> 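Sharing a structure, written as structure tokens. Questions coming.
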Protein chains: 2
Amino acid sequence: MRATIKDVSAAAGVSTKTVSRVLNGERYVSEALRLRVEMAVAQLDFQPSAVARILAGKRSNQIALIYDNHSPHYIHQIQTGIWERCLEQGVRLLAQPSDAGSPNLAREVGELIDQTRVDGVILSSPVTDASAALEALDKLGAPYVRISPGTDHGRSSSVSMDDAKAADDMTSHLIALGHRRIGFIFGHPNHTASDLRHFGYRRALDRAGLSYEPKYVRPGLFDFASGEAAADTLLDLPVPPTAIFASNDDMAAGVLTVAHRRGIAIPQDLSVAGFDDTALASQLWPPLTTVRQPTRQLAYAAASLLFDGDGVPVHRRLPHELVLRSSTAAPRSRSEA
Amino acid sequence: MRATIKDVSAAAGVSTKTVSRVLNGERYVSEALRLRVEMAVAQLDFQPSAVARILAGKRSNQIALIYDNHSPHYIHQIQTGIWERCLEQGVRLLAQPSDAGSPNLAREVGELIDQTRVDGVILSSPVTDASAALEALDKLGAPYVRISPGTDHGRSSSVSMDDAKAADDMTSHLIALGHRRIGFIFGHPNHTASDLRHFGYRRALDRAGLSYEPKYVRPGLFDFASGEAAADTLLDLPVPPTAIFASNDDMAAGVLTVAHRRGIAIPQDLSVAGFDDTALASQLWPPLTTVRQPTRQLAYAAASLLFDGDGVPVHRRLPHELVLRSSTAAPRSRSEA
DNA sequence: GAATAATATGACACCGATGACATACCTGCC
DNA sequence: GGCAGGTATGTCATCGGTGTCATATTATTC
């Protein structure tokens, strides 16, 4: 059986409380005792039980990540970023997939907090905007940080990128290339980022003096199939767009596939842009022009805010980056209006 | 403050032990008391503290997943499969990324077990074959199940697919199409599956009476870039292969990109096959013929073995499936030897 | 009807740490 | 010399449950 604090205290000839003091680096321990305790700890290869600590103390040294996202790449980045920060902090990470729309969400979150006593929670989109979850967390007084929340920004600390600006940048890039008819594929309506990206697209058109044409804007669900469907509709138009900007890479992949199927050359006959810079983006043919979302860094920053936070909401905005690859180019004929 | 078992016992007018019995569905509780307790629980919205349970009892109702895998899709599938089973069991899941080659692996695993008291551990490749981790688990007596282990099969329960058979099937498919010169890209040397897939490839050639040509076999690392590099080498050969079988989809994507870059038509001039059936496979152009690895089901089964196991190693093998898409076809000229 | 077994309930210690508080020992200062 | 205040250490209750054991009640058997 593993050594407990009692074994250590016996071996060192001190009280368990003194051992506890040494363990936690408290003041008021003489150098002599500190040394004896440390030697006993080393000798017994003693590991304090996290469980007992939680029960007795205040901190659990565990945080939870609540997510509901169907992009493995995104979650992986998020998880990796958080984990990196946790490692530095000596904190464990509990993964909690969930369903942002579930009527049980509040209960699930409540159970998570009550049962595990996590010190804090990180929410990723779209759970960031599930009011049931937020209410449950507020009620229980659990600190939480949101990654890319869409609404209610004052409610908690958060990290985010500027989705509108990014979409604006990409759209402007296409306009600069000479495109005048730019299709846009909306993201999943549950994600607030979808709306922001759409707004950025529209703002860029507006600034360039191009009219916003609803027929060039199609709904999407952030998945491959919806990208295909949207592309089919757009390319069936009497005067199809010369460029299509999809709200994420998966949908852009769908656009590419439709184009290949129709024998449309990319980027000569059609420019395609995505969003996220997932691994997929560089593995497609042609490699996708897209927006690099600093996902891992966002996650890392979120964990930092959680650890260092003092209750006052802080917002951190991280910069995105346009990644220009070969799926975009000037349209074949610049004379088109 | 949250209700505790004491509040419930007071509200129901019974001892805490009786509440505990009801909570755990133990025998020997009268219907009347059970009802009173259940009502009190409902009324107070009582959630037993997992932490206290762990400390007092034997089970922690937590398991951990230790992984070190650079494929987000794979991990996501694994995590989802395990989570599904955990949900049924009311068990929480701790995610523990790690580095299979790290000299600290044994310590990390030891700390994980000691500190969290997880009931068991699931290992995914390649940590499945990191002897430091296995030794640490054995020493601490922690039950564990491995997903697709490569070595030492008798050592623990495990779930796996038949990698050799799958690669054999795919190779046989290419041979049946008429291919005689089939390139092969090896997987990451750390993963034992790599070796098995290669063996399956070779066995299929052998059975068909085709000679095994080392020049058609290139190393790879399971990533896109190594797929590109291997494809370039293969296609530069004086007599290049008419088909390339990559040990996973990412590398197959690399092959497709090289082919596109060189203007090689797929599948007319070159057939390409992958392995795993990741999301990527169906999002590429042309969609990839590949092997569907039952990752999620493997993970689910692994969790089941962990929960239901009684210490006796059990091995479960799940069936794979050939997914035929449009990246493979008969070679242009069947006359080639 | 007494002995035995099965059922039902509670008292209490305990899991392994930390928190609150008590106590003892030094210093330094009036 | 006595007292305040910082330093060092220990005692004991406590966190919120479960395990063990004792005991009371009811059912079964001969």
Side-chain angles (χ1 to χ4, degrees), chain A residues 1-38 40-41 44-62 90 92 110-111 113-119 140, chain B residues 1-38 40-41 44-62 90 92 111 113-119:
Chain A
M1 209 50 193
R2 208 68 197 184
T4 74
I5 199 171
K6 265 190 202 152
D7 303 323
V8 176
S9 71
V14 300
S15 74
T16 60
K17 182 64 217 189
T18 298
V19 177
S20 171
R21 288 204 180 92
V22 173
L23 255 41
N24 294 284
E26 285 175 31
R27 292 168 44 179
Y28 305 147
V29 183
S30 67
E31 202 53 33
L33 283 202
R34 182 184 305 280
L35 235 68
R36 288 216 321 256
V37 168
E38 278 167 358
V41 164
L44 296 171
D45 190 16
F46 167 69
Q47 307 272 356
S49 150
V51 173
R53 271 189 156 158
I54 301 172
L55 189 54
K58 328 176 50 26
R59 304 199 64 92
S60 77
N61 285 327
Q62 284 195 335
R92 299 201 175 275
E111 285 178 6
I113 304 294
D114 285 339
Q115 292 184 1
T116 68
R117 295 276 181 91
V118 287
D119 295 332
L140 294 168
Chain B
M1 207 51 190
R2 209 66 198 189
T4 74
I5 199 171
K6 265 188 201 152
D7 304 324
V8 176
S9 71
V14 299
S15 73
T16 60
K17 182 65 215 186
T18 299
V19 177
S20 171
R21 288 201 178 93
V22 172
L23 255 41
N24 294 283
E26 284 175 33
R27 293 170 44 185
Y28 304 147
V29 182
S30 67
E31 201 52 33
L33 283 203
R34 180 183 308 279
L35 235 68
R36 278 200 349 238
V37 169
E38 278 166 358
V41 166
L44 296 172
D45 190 15
F46 167 69
Q47 305 276 353
S49 149
V51 173
R53 269 188 157 159
I54 301 171
L55 189 55
K58 332 180 42 21
R59 305 197 62 92
S60 77
N61 286 326
Q62 284 195 333
R92 296 199 179 276
E111 282 178 8
I113 304 295
D114 283 340
Q115 291 184 2
T116 68
R117 297 279 176 88
V118 288
D119 295 333

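Below, chain A is the first sequence line, B the second, and so on; all start at residue 1. If you're wondering where the values come from, they're calculated on a predicted model, not measured in any experiment.
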> How many whole angstroms separate atom CD1 of A:Ile5 from atom P of D:dG10?
12 Å
> I'd like to know if B:Arg21 reaches the base of C:dG10 with its side chain, counting only an N/O donor and acceptor under 3.5 Å.
yes
> What's the closest nucleotide to the A:Ser15 side chain, out of D:dT18, D:dT11, C:dT7?
D:dT11
> Please check if the side chain of A:Arg92 supplies one atom and the backbone of A:Gln62 the other of a donor-acceptor pair under 3.5 Å.
no
> Look at all strands and tell whether B:Leu33 reaches a base, only sugar-phosphate, or nothing, counting heavy atoms closer than 4.0 Å.
sugar-phosphate
> Kindly compute the distance separating CD (B:Glu31) from CZ (B:Arg36), expressed to the nearest 0.5 Å.
12.5 Å
> With a 4.0 Å limit, can you tell me whether A:Tyr28 has a side-chain N or O closer than that to the phosphate oxygens OP1/OP2 of D:dT7?
yes
> Among C:dA17, C:dG19, D:dG16, find the nucleotide with the atom closest to the side chain of A:Leu55.
D:dG16
> Does any N or O donor sit under 3.5 Å from an N or O acceptor when you compare the side chain of A:Lys6 with the base of C:dG16?
no
> Calculate the interatomic distance between A:Lys17 atom NZ and D:dT14 atom P; express it in whole Å.
15 Å
> Considering only D:dA8, D:dG16, D:dT7, which nucleotide approaches the side chain of A:Arg27 most closely?
D:dT7
> Between A:Thr16 and A:Glu31, which residue's closest nucleotide on DNA chain D lies nearer the 5′ terminus?
A:Glu31
> Suppose we screen for side-chain contact (heavy atoms from CB on, under 4.5 Å). Which residues come up paired with B:Ala50, at least two apart in sequence or across chains?
A:Gln115
> Looking for any heavy atom pair under 4.0 Å, which part of the strands does B:Val14 touch: base, sugar-phosphate only, or nothing?
sugar-phosphate
